[in-house]
Amino acid sequence: VQLVESGGGLVQAGGSLRLSCATSGRTFNTYVMGWFRQTPEKEREFVALISWTGTSTYYADSVKDRFTISKDNAKNTVYLQMNSLKPEDTAVYYCAADVAGWDNPKEYDFWGQGTQVTVSS
């Protein structure tokens with residue numbers, strides 16, 4: 001499975017960005033897809049995940065009610081809509097896939113290269 005993130009950039013606080021994660025392979029529909037983020041000062045942390053069916057989602061408390069994860073099985077793509085962005089959301093955001101992952105990055109076998117999100121105050 002290959003994962004390629006896009007959509008990062010520089011945005012002012014209160015603004016929005018949508019990240020995309022395009023996947024290759026025929027098994028997209030059988031994987032849990034997660035978004036994680038990392039800064040130089042912190043370990044990689046969980047942001048959101050979506051089940052392989054797309055019917056279940058789970059969010060970190062820090063992004064709940066601001067971020068929305070979704071997937072388009074026809075396009076083999078998962079999205080992270082980020083609204084009301086805060087400077088503390090600044091990080092490199094990574095897409096990850098696994099057959100049974102949850103909110104621990106160690107549970108995921110496949111990772112994208114990351115995309116930088118910078119939120120200015």
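Note that these values count all heavy atoms, side chains included, but never hydrogens, waters or copies made by symmetry.
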Do D89 and V117 have side chains that get closer than 4.5 Å, going by heavy atoms?
no
Looking only at atom types and distance, does a side-chain atom of Q81 sit under 3.5 Å from a main-chain N or O of F67, one as donor and one as acceptor?
no
Hey, is the main chain of A60 close enough, under 3.5 Å, to the side chain of S62 for a donor-acceptor pair?
no
Among T39, V11, V119, which one satisfies side chain to side chain contact (heavy atoms under 4.5 Å, CB included) with T90?
V119
Do Y94 and V99 sit in the same hydrophobic cluster, where Ile, Leu, Val, Met, Phe, Trp and Tyr count as joined when their side-chain heavy atoms come under 4.5 Å apart?
no
What one should report as the nearest heavy-atom pair of Y108 and G101 is OH-C, 3.5 Å
Is it the case that R44 places NZ or CZ above or below the six-membered ring of F36, under 6.0 angstrom from the centre and within 45 degrees of the axis?
no
How many angstroms lie between atom OG of S24 and atom CG of L3, to the nearest 0.5 angstrom?
7.0 Å
Find out whether V78 and I69 are in side-chain contact, i.e. whether some heavy atom of one side chain is under 4.5 Å from a heavy atom of the other.
yes
Heavy-atom nearest pair, A48 first then L80, reads CB-CD1, 4.2 Å
Does any non-hydrogen side-chain atom of T77 lie less than 4.5 Å from one of C21?
no
For K71 and W52, indicate whether the former's side chain and the latter's backbone hold a donor-acceptor pair under 3.5 Å.
yes
Do V92 and Y79 share a hydrophobic cluster (ILVMFWY, side-chain heavy atoms under 4.5 Å, transitive)?
no
What I want to check is whether the side chains of Y93 and R37 have a donor and an acceptor closer together than 3.5 Å.
yes
Output yes when a side-chain donor or acceptor of T118 lies under 3.5 Å from a complementary backbone atom of L10, and no otherwise.
no
N104 side chain reached by F46 side chain, heavy atoms, under 4.5 Å
no
Side-chain heavy atoms of V32 within contact of D98, under 4.5 Å
no
Validation row: L19, E5 side chains within 4.5 angstrom (heavy atoms)
no
T23 side chain to N76 main-chain N or O, any donor-acceptor pair under 3.5 Å?
yes
Taking everything shown except Q2 itself, do over 12 heavy atoms lie less than 6.0 Å from its CD?
no
Between S16 and N83, does any side-chain donor sit less than 3.5 Å from a side-chain acceptor?
yes
Heavy atoms, side chains only, cut-off 4.5 Å: are L49 and Y59 in contact?
no
Once the angle between the rings of W102 and Y58 is folded into 0 to 90°, is it parallel (under 30°), tilted (30 to 60°) or perpendicular (over 60°)?
parallel
Are side-chain heavy atoms of F110 and C95 found at a separation under 4.5 Å?
no
